[in-house]
Amino acid sequence: MSYETISINVLNGVGTVTFNRPEAMNALNRKMMEEVYTVVNAWQADADVRVIVLTGSSKAFAAGADIKEMLDVQYLDALDANFLNDWNCIAECSKPTIAAVAGYALGGGCEVAMMCDIIYAADTAQFGQPEIRIGTLPGLGGTQRLTRLIGKSKAMDLCLTGRLMKAAEAESSGLVARVIDAESLLEEAQRTAEKIAGYSSTAVQLVRESVQAAGETSLQQGLMLERRYFYSLFGTADQKEGMLAFSEKRDPVFER
Ligand code: DAK
C-alpha cells in the first residue's frame, strides 16, 4: 500500500514511518495524521513489527501542525471534531517507539517526538514550542510533557519565548537520549529498535509500563507496581529462559 504523506518500511521486527511532506517541512496535516494512524494501528496488531521508529527528513522531523490547514478552524469545529486528537495513537501505542529527529521538531513535531519512548537527535536537530509566535499555545502535550521532561523553568523559557533549542541543549536538559551524527541517525535508531525487538516482548512491555508509571504515580505506588511486575515475570517462560541462558553461557531464545 502506498501513502501520500509518509513512507513506511518493515525490516527485522522494526517498522519505520518516514514523514514525507518536503514542500511543507513535514508539517502535520490531516492526511498525514490519517495515514500515521492507519499504519500505527495496523502495526500494533502485526507480530512482524515489534518496535516502531518515526523519522522525517534531514531538514525537518516535522515543523508542527499544518498552520495553513488551521487558518479557518473555529472553536466549535475543533471541539466537535476533537481536532487532531488521532495523533495520540503514538502515545497510546502498545509497542516501543523511537523518534529519530533531524532538523526542525517544532510545535506538534516536538510534541509527537515527546510521545515516543525514546528520542534520538541528529546534531542538526532543533526543538521548540514556537506556538506563542502565532498567537496560540502547544496543544498536543507540549506544556505538559516538556515540563515533566525538562522542568518548569526551561519549559517556560521555550514556550513563552518560542525560541528553538539545539540538539546539545536538548540532550543536556534530558529531552533526548542521545545526539548522533546526522548521517548515522536513522541507522542508530533502527539498530536500537532491533535490539529491543530481540528481547522478550513481555518484559519490554512491563519495562515500558513501569517507566511510564514513574511520571504518573507517587514513588511508593511506582515502586509497588515495579515490584509486582518483577514478580509477575517469574511466571513467564521467557524469564526462565533468560536466566537459564545466562547460567549456561549462551544467548537466550525468547518465545514472545
Ligand atoms: N505549517 C504549514 N506550512 C509550514 C509549516 C507549518 N507548521 N512550517 C513550514 N511550512 C512551510 C512554509 O510555509 C513554506 O511553504 P512555502 O511558502 O514554500 O509554500 C515551507 O514550509 C518552507 O518553510 P520556510 O520557507 O518557512 O522555511 P525556513 O527554512 O525559512 O523556516 C521553519 C523553517 C520551520 C523555522 C519555519 O517554516 C517555521 O517557523 N515554521 C512554523 C513553525 C511553527 O510555528 N510550528 C507550530 C505550529 S502550531 C493539537 C495537535 C497539534 C497541535 C495543536 C493541537 N491537538 C490534538 C489539540 C500543534 C500545533 C502546532 O504545531
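Numbering of ligands and ligand atoms starts at 1, following listing order.
In this structure, Lys95 and Trp43 approach most closely via the heavy-atom pair NZ-O, 3.0 Å. Taking each heavy atom of Glu131 and Gly108 in turn, the nearest pair found is OE2-N, 3.9 Å. Scanning all heavy atoms of the two residues, the minimum distance from Val204 to Pro96 falls at CG1-CG, 3.4 Å.
Distances shorter than 4.0 angstrom occur between a heavy atom of Phe83 and an atom of ligand 1. Taking a 4.0 Å cut-off on heavy atoms, Lys59 fails to register as neighbouring ligand 1.
Not a single protein heavy atom sits closer than 4.0 Å to atom 26 (O) of ligand 1. In this structure, atom 21 (O) of ligand 1 is in close contact with the protein, since a protein heavy atom lies within 4.0 Å of it. Atom 55 (N) of ligand 1 lies below 4.0 Å from at least one non-hydrogen atom of the protein. Within a 4.0 Å radius of atom 36 (C) of ligand 1, the protein has no heavy atom.
A donor and an acceptor atom, one from each side chain of Gln74 and Asp77, are nowhere located under 3.5 Å apart. Between the side chains of Tyr229 and Glu209, at least one donor N or O sits under 3.5 Å from an acceptor N or O. For the residue pair Ser94 / Gln205, no side-chain donor-acceptor distance below 3.5 Å is found, with atom types taken as modelled.
Below 4.0 Å from some heavy atom of Pro130 lie the following atoms of ligand 1, by number and element: 43 (C), 44 (O), 45 (N). The contact set between ligand 1 and Gly139, taken as ligand atoms under 4.0 Å from a residue heavy atom, comprises 49 (C), 53 (C), 54 (C), 55 (N), 57 (C). Atoms of ligand 1 found under 4.0 Å from any heavy atom of Gly108, numbered from 1 in the order shown, are 58 (C), 60 (C), 61 (O). Of all atoms in ligand 1, listed by their number and element, those nearer than 4.0 Å to a heavy atom of Glu23 are 15 (O), 20 (C), 21 (O). Here is the list of ligand 1 atoms found below 4.0 Å of a heavy atom in Gly64: 61 (O).
Atom 59 (C) of ligand 1 has its closest protein heavy atom at Ala65 CB, 3.5 Å. Annotation: atom 38 (C) of ligand 1 to nearest protein heavy atom, Leu106 CD1, 4.6 Å. Atom 31 (O) of ligand 1 has its closest protein heavy atom at Tyr104 OH, 4.5 Å. Nearest protein heavy-atom contact of atom 51 (C) of ligand 1 is Leu84 CD1, 3.6 Å. Among protein heavy atoms, the minimum distance from atom 11 (C) of ligand 1 is reached at Ala24 CA, 3.8 Å.
Of the N or O atoms in Asn85, none lie within a sub-3.5 Å distance of an N or O in ligand 1. Considering backbone and side-chain atoms together, Met70 places no N or O closer than 3.5 Å to any N or O of ligand 1. Residue contacts with ligand 1: Gly107 is placed with no nitrogen or oxygen under 3.5 Å of a nitrogen or oxygen of the ligand (distance criterion only). Ligand 1 has an N or O atom lying under 3.5 Å from an N or O atom of Ile67, backbone or side chain.
With Asp117 contributing its side chain and Thr97 its backbone, the two residues share a donor-acceptor pair below 3.5 Å. Looking at Arg256, its side chain never comes within 3.5 Å of a backbone N or O of Ser200 through a donor-acceptor pair. With Asn82 contributing its side chain and Asn85 its backbone, the two residues share no donor-acceptor pair below 3.5 Å. A distance-only check finds no donor-acceptor pair linking the side chain of Glu241 to the backbone of Phe254 [under 3.5 Å]. A distance-only check finds a donor-acceptor pair linking the side chain of Arg21 to the backbone of Ala27 [under 3.5 Å]. With hydrogens and angles disregarded, no donor-acceptor distance shorter than 3.5 Å links the side chain of Ser201 to the backbone of Ala197.
For Ala63, heavy-atom contacts with ligand 1 shorter than 4.0 Å involve the backbone as well as the side chain.
Ring-centre distance between Tyr104 and Phe61: not below the 6.0 Å cut-off.
The residue among Lys68, Met25, Met33, Glu131 with a heavy atom at the shortest distance from atom 48 (S) of ligand 1 is Glu131.
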